[in-house]
A.B. asks: 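The structure's right below; bear with me while I get my questions together.
Fair warning: this is a prediction, and the values are worked out from it, not measured in the lab. In each ligand, atom 1 is the first atom listed, and ligand 1 is the first ligand listed.
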Amino acid sequence: MKKQEIINWLKCEDDAELEELWRMSDTIRQNHVGNVVHLRGLLEISNICARNCHYCGIRAGNDELGRYRMPGDEIMECVHEAVDYNYGTVVMQAGEDFGITREWMTTLIRRIKKETKLAVTLSLGERSDDDLVAWKEAGADRYLLRFETSNRTLYERIHPPLPGIESDRLALLRRLRGIGYEIGSGVMIGIPGQTWEDLANDIETFRSLDLDMIGVGPYIAHRGTPLGIDDVAFMAPEGEQIPNTEEMTYKVIALARVVCPSANIPSTTALATLNTATGRELGLSRGANIVMPNLTPKKYRAMYEIYPAKACIDETAADCRACMQRRILSIGREVGTGRGDSPNRGKRKAA
Ligand code: SAM
């Protein structure tokens with residue numbers, strides 16, 4: 001699919017034509033990754049963050065937020081819960097928390113690998129190559145790092161670097177692949193200042209990075225952030241701004257499936273936040289094949305407030321497990337049991 005065609009789909013508002021896009025992405029999903037929906041248990045291990053991203057509620061400058069870092073033993077209890085729920089993967093996500101040291105994380109990954117058969121995914125932000133190599137050697141399998149937007153000017157405006165360190169997530173993703181991780185990335189949809197051309201470039205970037213996983217979700221304004229306070233000031237000119245809507249998110253999921261047929265694509269929590277009733281199911285029916293039920297203990301969930309009114313905030317891990325299973329079965333799909341490794345990576349290895 002050429003860039004102009006991607007833009008045409010992004011701009012399309014005709015329901016009958018969009019049905020064609022949903023059908024196409026669902027067929028490609030079925031042919032390339034099948035009927036199974038893999039479950040990844042998401043554990044938000046720390047909301048401490050050194051960064052000041054202009055969009056994110058856990059940014060360092062948000063003084064209104066209580067902060068936490070889960071102790072290793074508590075993380076291990078949740079990891080064993082993931083095994084009990086038959087999840088194939090645990091995803092450990094955090095703010096960019098340098099209190100999570102190389103050694104501490106290495107010990108934790110080794111422990112998980114010794115005590116379980118789970119695949120381990122990390123989403124800990126921009127860390128040094130030495131950290132990333134150590135964690136890979138300890139047994140980590142995958143790394144998630146959204147590049148947020150491929151428009152460098154917009155990226156620099158919303159994602160200030162740490163003092164003296166350039167932030168280049170695209171370069172880091174390539175290094176992660178070189179180190180041996182399955183790599184996942186993605187963008188927010190409807191960032192103030194993001195244009196049709198930008199979003200089409202993002203989708204083309206999914207293809208050029210040959211991603212193993214693509215996670216996309218709507219940008220949701222948070223009042224404790226510079227963008228959330230005054231997003232109007234940052235909007236693209238009339239007619240150029242991408243709306244941060246549910247429908248735009250389905251379009252990006254569907255187009256991601258078209259350009260990367262074998263990637264693992266989650267139906268995300270941000271999408272479920274815009275439509276709690278059927279957002280997850282519609283994402284799954286329009287190209288997605290992964291869900292990430294939350295494993296984070298309830299006492300921490302409200303503190304991992306990257307955007308407000310996040311779905312599943314009042315639920316326990318057991319609630320999330322039951323809810324996801326019900327939703328998957330309700331649309332005639334099967335619940336995955338294995339690790340759900342990237343079929344994309346398998347193909348690359350064979351080539
Ligand atoms: N610190 C790690 C990182 O930066 O990759 C992982 C945690 S970060 C909170 C995870 C993702 O949350 C970001 O990549 C971003 O896309 C998303 N996010 C943050 N603020 C958001 C907002 N206001 N609306 C939607 N998504 C948001």
A.B. asks: Between Asn264 and Pro343, is any pair of side-chain heavy atoms under 4.5 Å apart?
C.D. replies: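 A side-chain contact exists here, since the closest heavy-atom pair is under 4.5 Å.
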A.B. asks: For atom 22 (C) of ligand 1, what is the nearest protein heavy atom, given as residue, atom name and distance?
C.D. replies: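 Going by distance alone, atom 22 (C) of ligand 1 is nearest to Ile220 O, 3.5 Å.
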A.B. asks: Between Glu115 and Met76, does the side-chain contact (heavy atoms from CB on, under 4.5 Å) criterion hold? Intermediate values first, please.
C.D. replies: CA-CA 9 Å; Glu115 295 179 28; Met76 286 309 297; 3.5 Å; yes
A.B. asks: I need the nearest protein heavy-atom contact for atom 9 (C) of ligand 1: residue, atom name and distance, please.
C.D. replies: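 Result: Ile306 CG2, 3.3 Å.
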A.B. asks: Verify the contact flag for atom 16 (O) of ligand 1, where contact means a protein heavy atom under 4.0 Å away.
C.D. replies: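 Yes, at least one protein heavy atom sits under 4.0 Å from atom 16 (O) of ligand 1.
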A.B. asks: Can you label the angle between the His159 ring and the Tyr55 ring as parallel, tilted or perpendicular, going by 30° and 60°?
C.D. replies: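 His159 and Tyr55: parallel rings.
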A.B. asks: Kindly confirm or rule out an N or O of Leu144 lying under 3.5 angstrom from an N or O of ligand 1.
C.D. replies: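 Not met; the criterion fails.
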A.B. asks: Does Glu126 form a salt bridge (charged side-chain N to carboxylate O under 4.0 Å, His left out) with Arg169? I'd like the steps, not just the answer.
C.D. replies: CA-CA 8 Å; Glu126 296 162 53; Arg169 288 189 164 210; 2.7 Å; yes
A.B. asks: Identify, by atom number and element, the atoms of ligand 1 in contact range of Ser123, meaning under 4.0 Å from any of its heavy atoms.
C.D. replies: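 By the 4.0 Å cutoff, the relevant atoms are 6 (C).
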A.B. asks: Please work out whether any backbone atom (N, CA, C, O) or any side-chain heavy atom from C-beta onward of Gln93 is under 4.0 Å from ligand 1, and answer side chain, backbone, both or neither.
C.D. replies: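 For Gln93, the contact with ligand 1 is made by the side chain alone.
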A.B. asks: List ligand 1 atoms under 4.0 Å from Cys56, heavy atoms only on the residue side.
C.D. replies: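 Near Cys56, meaning under 4.0 Å from one of its heavy atoms, ligand 1 has 9 (C), 19 (C), 20 (N).
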A.B. asks: Does Leu145 reach the side chain of Tyr143, with side-chain heavy atoms less than 4.5 Å apart?
C.D. replies: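 Yes. Closest side-chain heavy atoms under 4.5 Å.
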A.B. asks: For the residue pair Asp202 and Thr205, confirm or rule out a side-chain donor-acceptor distance under 3.5 Å.
C.D. replies: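 Short answer, no.
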A.B. asks: Can you tell me if Ala94 contacts ligand 1 (heavy atom of the residue under 4.0 Å from the ligand)?
C.D. replies: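 The answer is yes: ligand 1 sits under 4.0 Å from a heavy atom of Ala94.
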A.B. asks: Give the atom numbers and elements of ligand 1 that come within less than 4.0 Å of a heavy atom of Arg169.
C.D. replies: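 By the 4.0 Å cutoff, the relevant atoms are 3 (C), 4 (O), 5 (O).
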A.B. asks: Taking the side chain as C-beta and beyond, is there a heavy-atom pair between Thr269 and Lys310 under 4.5 Å?
C.D. replies: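 With C-beta onward as the side chain, the pair touches.
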A.B. asks: Check whether any heavy atom of His222 sits under 4.0 Å from an atom of ligand 1.
C.D. replies: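 Contact check His222 vs ligand 1: negative.
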A.B. asks: Contact between Ala270 and ligand 1, counting heavy atoms under 4.0 Å?
C.D. replies: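 The answer is no: ligand 1 sits nowhere under 4.0 Å from a heavy atom of Ala270.
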A.B. asks: With backbone taken as N, CA, C and O and side chain as the heavy atoms from C-beta onward, which portion of Tyr304 lies under 4.0 Å from ligand 1: side chain, backbone, both, or neither?
C.D. replies: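 It is the side chain that gets close, since no backbone atom is under 4.0 Å.
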A.B. asks: Can you name the atoms of ligand 1, numbered from 1 with element, that are less than 4.0 Å from a heavy atom of Gly95?
C.D. replies: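 Contacts of ligand 1 toward Gly95, numbered from 1: 1 (N).
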A.B. asks: With heavy atoms only and a cut-off of under 4.0 Å, state how Pro218 meets ligand 1: side chain, backbone, both or neither.
C.D. replies: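 Contact part for Pro218 vs ligand 1: backbone (N, CA, C, O).
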A.B. asks: One residue to check: Glu126. Relative to ligand 1, which of side chain, backbone, both or neither has a non-hydrogen atom less than 4.0 Å away?
C.D. replies: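 It is neither; nothing of Glu126 touches ligand 1.
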A.B. asks: Around atom 14 (O) of ligand 1, find the nearest protein heavy atom and jot down its residue, atom name and distance.
C.D. replies: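 Sorting protein heavy atoms by distance from atom 14 (O) of ligand 1 puts Glu148 OE2, 2.5 Å first.
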A.B. asks: Please tell me if the side chains of Val258 and Met24 come closer than 4.5 Å, counting only heavy atoms from C-beta onward.
C.D. replies: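 Yes, side chains in contact.
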A.B. asks: Protein heavy-atom contact under 4.0 Å for atom 19 (C) of ligand 1?
C.D. replies: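 Looking at atom 19 (C) of ligand 1, one finds that a protein heavy atom does lie closer than 4.0 Å.
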A.B. asks: For the residue pair Tyr68 and Tyr300, categorise the inter-ring angle as parallel (less than 30°), tilted (30 to 60°) or perpendicular (more than 60°).
C.D. replies: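 Geometry flag for Tyr300 against Tyr68: parallel rings.
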A.B. asks: Is the closest side-chain heavy-atom distance between Leu329 and Val335 below 4.5 Å?
C.D. replies: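 Yes. Closest side-chain heavy atoms under 4.5 Å.
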A.B. asks: Within the structure provided, determine whether Met213 and Leu144 are in side-chain contact (heavy-atom separation under 4.5 Å).
C.D. replies: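 Yes, side chains in contact.
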A.B. asks: Going by the atom numbers of ligand 1, which of them fall below 4.0 Å from some non-hydrogen atom of Arg146?
C.D. replies: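 This gives 14 (O), 15 (C), 16 (O), 17 (C) as the contact atoms.
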A.B. asks: Taking 4.0 angstrom as the limit and counting only heavy atoms of Met188, give me the atoms of ligand 1 inside it, by number and element.
C.D. replies: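 Per the distance check, 16 (O), 18 (N), 21 (C), 25 (C), 26 (N), 27 (C).
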A.B. asks: What's the verdict on side-chain contact (heavy atoms from CB on, under 4.5 Å) for Asn35 and Gln30, showing C-alpha distance, side-chain angles and the deciding distance?
C.D. replies: CA-CA 6 Å; Asn35 207 36; Gln30 178 68 41; 3.4 Å; yes
